[in-house]
Amino acid sequence: MEIASQYNPKDHEKAIYASWEESGSFSPREGKPGKEPYCIMMPPPNVTGALHLGHAINNTLQDIQIRYHRMLGCKTLWQPGTDHAGIATQAVVEKNIFEKEGKTRHDLGREELVKRIWQWKEQYGGRILRQLRAMGCSCDWDNLRFTLDPVCAKAVRTTFLSMFKAGLIYRGKRLVNWDVKLQTSVSDDEVVYETVKSSLWHLKYQVEGSDEYLEVATTRPETFFGDTAVAVHPEDERYKHLIGKNVILPLVKRAIPIIGDALLVDREFGTGCVKVTPAHDPNDYLCGKRNKLPEINILNPDGTLNEVAGQFAGMDRLKARPLIVKALEESGDLIKTEAYTTQVGHSDRSKTPIEPYLSDQWFVVMADMAEAAMEAVRSGKIKFHPARFAKSYLDWLSEKRDWPISRQLWWGHRIPIWYVKGVGEDELKACFGDCGEVSWRRDEENGQWLLCSSIENFKPEEKLPQAEVRQEEDVLDTWFSSALWPHSTLGWPDKNERFETFYPNSVLITNRDIISLWVARMVMTAHFNTHNVPFRDVMIHVTILDGMGKRMSKSKGNGVDPEDIIAQYGADALRFSMTQMSSDTQDMRVPVQYKCPHCETLFPQTEKNMKAETLVCPSCKKNMATRWASEETQKKEGLALLTSAKFEIGRNFGNKIWNASRFAMQNLDASTPLYTLKELKAALEKGEISPLNADEEWIITRLEQTVSEVTAAIEGYRYHEYANKMYDFMWNEFCDWYLEAIKPVLRTEGEKKAGSQAVLATVLETALRLLHPMMPFETEAIYANLLAITGKKRPMLIVSDWPETAGNWCDEKRLAYVMRKYELISLGRSMRSAFSIGPGQKASFVLRPENAELESFLEGERETLTRFLTAGELTISCGFKPEGAMPCQVAPEVAIYLKLDGSVDIAAERKKVEKQLAEVTSYAASLEKKLGNESFTAHAPAEVIEKEKNKLAEANEKLAKLRDLFAMLKEA
RNA sequence: GGGCGUUUAGCUCAGUUGGUUAGAGCGCUACCCUUACAAGGUAGAAGUCACUGGUUCGAGUCCAGUAACGCCCACCA
C-alpha cells in the first residue's frame, strides 16, 4: 500500500464526510444498555451570517462531546439549526435592496419584503451549513431546524398563548430604545454606548411671576419641547423655596412646575436643576411616573420632530439641534455652552444614535419565571462549567426586569394577538368558548378586546363578521423563539419519542456573552413550558480574540472564516488547535495574517485593513481581494486567505500522527490481529502471543493511563488537557521512544515479531479512537488503512467503541527501570553533544549500575541502549572503575561514562563537574535546611516530608558520585 | 460606578486541594536530508511568576492593596 509521506487533508475530508453521512452515523442510534441518551442543541447561528473562529471553537467542542458519547454507546443527538435573527437579517436585506433598487421596505410592503428575505435566506443560508460540514460536525442533518420552521412556530404560538392565559403578557406604554433608521425598538442588549464629544448647553428657565430664573444644563436641547417639569433636590437650600412654583419654557412660553425629586437630582452635579422630559429619557420617565407628570412626545418614528416643535417640526432632531440652540441664543435664553464628553447609545445594528421613545410595546412578566430559573442553578439542577459563570447568570436574573418582546419588524414570528372591536364577551364566548387555543382579555383604555390564539393562520374575522378585527403588526423578539430552542426543536408541545428521549438536553456549550440574553431565557421558558430544566450542564468556553485582543466578530470585521484555515491546514488541524486553546481561564488571542494569493507573502491584519475589500501586497505589489469583496472580485483578483501560525501546531501534529501510522502500516500485515486492550491481555495470558518486552509494557501502561486521563478530561470539559495529553502521548512517548525502540524487532521474523505487531496495532488503533473526537477525518482515514492492511472488516471509527483499559501490565519497578534506561540515553546523548561527537560517529560508553538487578536489566536492554546512544563499545558493569579522567553523568542508581579516544580537557571537565557540584550542593542544603526546620517537620503532612527526604537522599547520592568524579579528575 | 476575569520565557499559553531545581508550542542557537515524518531528529539557551504588603514551616498558587489590560452590567441631566 502506497501512503503519502505527508498528510494532505484535501485528499480525505470530503469523501470521509460523505461516507459518514451516507452511513447514517449522524442520526441517533439505539444506545447500549445502561447508557443514558445524550443530546446537545447547537446554538443556532444567524442563518444568513458566516461563521468565524469563535463558532469554530464552539462547534469543535460540541462535536468532541457528541463523538465521544456516540463512541461510549449513548443514543446521541446533535441538533443543528439556524436562527432567523430578526433585526440583523432584515437590516441586511433592507440595506441590500436599498443599495440595488433604491427602495425602502415601505415601498415594498410587508408581504414582499418577507418574501425577499426568504429568498435571501435560500440563497445565502447555505454558507453556515457548508462551514459546519467542512469542520466535520456530526450533526443530525435530517432534522435541521430553523427558528421560523412550522415546528418552532407552533411552539412559539403555544408558549405565547400560555403566557397570555397566565397573565404574564401585557401591553404597555414604555420608553424604548428607538432605532430611527430601522424604525423599531431594540433591546437594551442591542444598544452599544459610544463616547461622543458634545456640548452641555445651559438654558435659562424664567420663574413665573418673578425675576428669578433657573439654570438647567442639557446635552439634548431639542428635547425641551417635551419638558413637563424642572426638578431640584428637595433639600437644596438654593431652590427649596421655588418648589411648587412654575417656570416658563423659552420660545414656546409654556408653564411647567418646579418639583422636588431626590432620586433624579444630584445636588453636586451641574447647577442642581434638571429639566424633566418623561417621554425622552429613561430617568425622566421614572421621575414623571413618580410625580404624575404628563408625557409629551416630540418625535415622529423616523426621528424627525413633530408638531410640538413648532417651526422645527419635520426636521431631523439632530439637524434641528444647532438651529434650536441658535434660536435660544437669539432669544437670550442660552446662558453658556461648554464642551462635554458623553456616552451616547447607538443601535448595534444600524449604528445610529438611539432615541428613548415612548410607544406601545408587549412585555413578559419576569418575576416568577426568573425566580424559578435562579432556583434551578442554586439547587444544582443546572451546573455551570466553570462555576464562576453562575454568578453573572444569577445577577442578571435577580433584577427580574420585564422582558420587552415586541419588535417593529416584519421578519419574525408575528405576535398572535388580534384587536377586536364591536363585539361583546358573549359573542366571543359563543365563538371561542370551547376552544382551548383562544383566549381574550378586555382592553378598557382602547375599548377593545385583546384576542390571543395559538392556531396557525387564525382568522377571527371569519367567525366574527360583525366585528372590527386587526392583527398586531409587531413580531416577537428573536430571543423569544431562541429561548424555546431546547424543547421546540424536539417537537414540543406535541408528545413524541424524540422529546421523551432527549429532553432535558445534556449540556449547552456556548460563549459567555449570551448567558443572560439566551441561557437565562431558555431556563425560564423551559420551566414555564416543561416544568423542567432545559439542560443539566452549561459549558462556557473561551472567547477567541484577534491579535489586538478584541473579540472576534463579524461586525467588527476581524472574524476569520474557518474555511480559510481549513483550506491551508485542514479541518483536523483547526480542531486540534481549537481544542488545545480551550482552557477555562484566559481568552485566546489569535494573531491573524493575510496571505497574498500571488506570492504567499504574509502580512498582519490591522484595524485599518480588516474591513478592506481589496488590498495591495506589500511584497509583489499586486492587488488581492478579501472575503468582504464580491465573489466576482475574489475570482478576478485572487482571494487573500487569513491565516494564523496558531494552526501550525495542529497541522504538524496531524502530520506526525500520519507518519507514525505510515510506519506502522509498513510493518503490519494481514496476519496481524486487531485486538482491543482487553483482548490483547487475554491473548497474552493464553500464550497466543509472545511476552512483551520492557518498552512494550511501558507504552501499554502509558496508553492505559492516557485512556483514563483523557476520558476524565472530556467528561470534565477540560479540553486543553485532552489535547495536550494526546499530543504528549503520541509525540513524546509513542513516536520518540516506543516506535524507535521496536524497530529492530519488526525487522526480524518469527513469533516475537508477530507479538510486537499485535501490540503495535493495538496501541495505534486505541490511540486513533482516543483522537477521533478531536481529529475525526485523519483518524478515520488512517483507520481505513489499518483495516485494509490487516485485512479486517469493521464499521467506521465514528461508530467504534471508546477504549477501555485492562489494567496491570507490569510492576512498577520494571516501569521505573525503563524510565531509567531512557534517562541514561538522554544523559549519554547530552555528553555526545557536549563533546561535539557528530550524529553518525560512534562513541563508547560505560554504564555503572549500583546493583546487580539493574545491571541485569540494562544488560537485557543492550540493543536499544547501543542504538539510541550510537554507541561503539558499551560496557555495563557494577564494578567499573574509571582509569583517569572520563566525562560522566549521574542518574539515580546508575552512572554513565563517556570514553573518549583523544585526550580529555581535564580542566574543562573539572569545571563542569564543579558547577554541577555547586548546584546540587545548594539544592541539597536547602532540602536539609527544610527538613531540619522543626516547624516544617511538625506541620507538614507525612507524605510531603517523605517526599522531601527522598529528594534529599537522591541529591546526596548524586553528590557522592559527583565528589568521586571530582576527586578522580583532580588526581588525573 | 458595580461585577467577573487576566498579568508566568521574545510571542501564544499551561501550571489541579499551597509542598519541583516553574512547563509546552512557536521563535532562537548548534549539529543532522539517519530507509515513518525537514510539517522532522538530537542537544541547548532563555523566566525577580505585574507590583507592594500579609498569612504560613513553606506562596506562581491563599488574603489585602496598587497598576495595566479585557469582558459583562448599570449609568452620567
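Chain naming here is simple, since letters A, B, ... match the order of the sequence lines and numbering starts at 1 in each. Only a predicted model underlies this, so the values are computations on that prediction, with no experimental measurement involved.
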Whole-Å distance separating the [atom1] atom of [X] from the [atom2] atom of [N]:
X	N	atom1	atom2	result
A:E954	B:U20	CD	C1'	12 Å
A:Q841	B:U34	CD	C1'	15 Å
A:M831	B:A30	CE	P	24 Å
A:L517	B:C73	CG	P	7 Å
A:F835	B:A30	CZ	C1'	16 Å
A:Y722	B:A24	OH	C1'	19 Å

Over all strands shown, is [X] touching base, sugar-phosphate only, or nothing at heavy-atom distances under 4.0 angstrom?
X	result
A:R718	nothing
A:S922	nothing
A:K743	base
A:E740	base

Choose from [options] the nucleotide whose nearest atom is closest to any side-chain atom of [X].
X	options	value
A:A940	B:A43, B:G41, B:C57	B:C57
A:S830	B:U20, B:G44, B:C57	B:G44
A:P839	B:C37, B:C57, B:C32	B:C32
A:K951	B:U20, B:C71, B:A36	B:U20

side-chain contact (heavy atoms from CB on, under 4.5 Å) assessment of A:L786 paired with A:M665: CA-CA 7 Å; A:L786 183 62; A:M665 303 306 165; 3.9 Å; yes
Could you tell me how far [M] sits from [N] if I compare only their [atom1] atoms? Round to whole Å.
N	M	atom1	result
B:C33	B:G19	P	45 Å
B:A50	B:A67	C1'	8 Å
B:G25	B:G40	P	11 Å
B:G27	B:A46	C1'	11 Å
B:A22	B:U8	C1'	8 Å
B:G23	B:C49	P	14 Å
B:U21	B:G60	P	11 Å
B:U55	B:A59	P	11 Å

Side-chain N or O of A:K391 closer than 4.0 Å to phosphate OP1/OP2 of B:C72: no
Below 4.0 Å: OP1/OP2 of B:G41 and any side-chain N or O of A:W731: yes
Residue mapping more 5' on RNA chain B - nearest nucleotide basis, A:P9 or A:G838: A:G838
RNA chain B: 5'-proximal contact among A:E948 and A:D284 (nearest heavy atom): A:E948
Partner of [N] by Watson-Crick or G-U wobble geometry, both contacts under 3.5 Å, or none?
N	answer
B:G18	none
B:A30	B:U42
B:C13	B:G23
B:U6	B:A68
B:G1	B:C73

Aromatic ring proximity, centroids under 6.0 angstrom, A:F576 and A:F653: yes
Within the 6.0 Å centroid threshold, strictly below: A:H541 and A:Y717: no
Nucleic acid contacts of residues 650-665 of chain A, taken as heavy-atom distances under 4.0 Å to RNA chain B: A:R651, A:N652, A:N655, A:K656, A:N659, A:A660, A:R662, A:F663
Indicate yes or no: does [X] engage [Y] in a salt bridge with an N to O separation below 4.0 Å.
X	Y	answer
A:D284	A:R290	no
A:D333	A:K204	no
A:R551	A:D513	yes
A:E946	A:K951	no
A:E863	A:R867	yes

Mind listing the N/O atom pairs, protein and nucleotides 12-14 of chain B, below 3.5 Å?
residue	atom	partner	partner atom	Å
B:U12	O2'	A:K646	NZ	2.1
B:C13	OP1	A:D587	O	3.4
B:C13	OP1	A:R589	N	2.7
B:A14	OP1	A:S583	OG	2.3
B:A14	OP1	A:T585	OG1	2.7
B:A14	OP1	A:Q586	N	3.3
B:A14	OP2	A:Q586	NE2	2.7

Sequence neighbours excluded, every pair satisfying side-chain hydrogen bond (donor to acceptor under 3.5 Å, both in side chains) that has a member inside residues 825-839 of chain A: none
Aromatic ring pairing A:W737/A:F868, orientation class (parallel under 30°, perpendicular over 60°, tilted between): parallel
A:K743 to A:F663 six-membered ring, cation-pi geometry met (6.0 Å, 45°): yes
Atom pair CZ (A:R238) and CG (A:L214), whose distance is rounded to the nearest 0.5 Å: 10.5 Å
Heavy-atom donor-acceptor pair, A:Q666 side-chain to B:A36 base, under 3.5 Å: no
